[in-house]
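Structure first, then comments.
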Amino acid sequence: MEKFKEVFKVPDFIGDNLNLFVTEAEMELVVLLQGEAKAADQVAVQMDLSLAAAEELLEQGFRRFILQRQEVEGKYYYQPLDFYTRLDKFAMFEDFSSLPKELRVALDQWCFQQYVQSIRPYVTALQAEAPSGIFHSPVVVEEAFKIIDIAAEIVL
């Protein structure tokens, strides 16, 4: 399980709650792949599964945002995603509200920190290009109001 946590970048505080996000078979699969892209026939041999069972497990991992899939010359190859991606989809499409409140709060804080880290290089680059730390817009505010005034319809 430790190797899975390392490969899938699972935060330490998840602890015994890992089974709420992934199955044992999915953990085994992620450890097997370890960042490499593999096809169903390779996974079948390495996990001692039938080709059909390997394809089903890979598809399940893909549908549950544990794996990403890439088609090369008509054949699918799968690679592990990470916990951050899995959590994002879990929160949107699965029963995030059923998690214990303390875990949801910790996940929210962790997720926010991951997001901040991911955008930091872009914000730094934008700030470096903007004189006096002010971001420039290609449209002056007065021009933006004119555009809004003449718009027949504004769709958000």
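Computed from a predicted model, the values in this text were never measured in an experiment.
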Would one find more than 12 heavy atoms of other residues, nucleotides or ligands at under 6.0 Å from atom CD of E24?
no
Within a reach of under 6.0 Å around CG of D95, are more than 12 heavy atoms found that belong to other residues, nucleotides or ligands?
yes
Is it the case that more than 12 heavy atoms not belonging to E56 sit under 6.0 Å from its CD atom?
no
I119-Y84 co-clustered via ILVMFWY side chain contacts under 4.5 Å
yes
How about NZ on K9, more than 12 heavy atoms from neighbouring residues, nucleotides or ligands closer than 6.0 Å, or not?
no
Parallel under 30°, tilted from 30 to 60°, perpendicular over 60°: which one fits the rings of F8 and F4?
parallel
For Y78 and E59, which I'm curious about, is there any donor-acceptor pair between the side chains at under 3.5 Å?
yes
Please answer whether the main-chain N or O of A106 pairs with a side-chain N or O of Q109 as donor and acceptor at a distance below 3.5 Å.
no
Gap between atom CD of E94 and atom CG of L99 - 0.5 Å precision:
9.5 Å
V45 reachable from L58 in the ILVMFWY side-chain graph, under 4.5 Å edges
no
Please verify the inter-ring angle class for F93 with F65; under 30° counts as parallel, over 60° as perpendicular, anything in between as tilted.
parallel
Search all heavy atoms of L57 against all heavy atoms of A25 and return the closest pair with its distance.
CD1-CB, 3.8 Å
Checking R69 side chain against Y76 main chain: does a donor-acceptor pair fall under 3.5 Å?
no
For a quick check under 3.5 Å, do Q70 and Q79 share a side-chain donor-acceptor pair by atom type?
no
Distance in Å, Q46 CD paired with E28 CD, rounded so as to fall on 0.5 Å steps:
11.0 Å
M27 and its side chain to side chain contact (heavy atoms under 4.5 Å, CB included) partner, picked from L18, I66, V10:
L18
So does Y115 have more than 12 non-hydrogen atoms from other groups sitting under 6.0 Å from OH?
no
Measure across E55 and A40 and return the closest heavy-atom pair with its distance rounded to 0.1 Å.
CG-CB, 3.5 Å
State, to 0.1 Å, how close Y77 and A39 come at their nearest heavy-atom pair, and which atoms those are.
CD2-N, 3.6 Å
Under the criterion side chain to side chain contact (heavy atoms under 4.5 Å, CB included), I'd like the reasoning laid out for L29 against L33: C-alpha separation, chi angles, the key distance, then a yes or no.
CA-CA 6 Å; L29 180 58; L33 295 173; 4.2 Å; yes
Check: V30 and V22 side chains under 4.5 Å, non-hydrogen atoms:
no
Testing the 3.5 Å rule here: is there a donor-acceptor pair between the side chains of D82 and T85?
yes
In this structure, would V105 and L103 fall into the same cluster of hydrophobic residues linked by side-chain contacts under 4.5 Å?
no
Would you say L81 ends up clustered with F96 if hydrophobic residues are merged whenever their side chains have heavy atoms under 4.5 Å apart, either directly or through other cluster members?
no
Pair Q114-L87, side chain to side chain contact (heavy atoms under 4.5 Å, CB included): steps then yes or no
CA-CA 12 Å; Q114 296 301 304; L87 177 61; over 6 Å; no
Quick check: closest heavy atoms across A54 and V43, and the distance to 0.1 Å?
CB-CG1, 4.2 Å
Cation-pi check for F21 against R86: NZ or CZ below 6.0 Å from the six-membered ring centre and within 45 degrees of the axis, yes or no?
no
Could you walk me through whether I14 and K5 pass side chain to side chain contact (heavy atoms under 4.5 Å, CB included), step by step?
CA-CA 10 Å; I14 293 298; K5 288 179 178 179; over 6 Å; no
Closest heavy-atom pair and its distance - T23, R64:
N-NH2, 4.2 Å
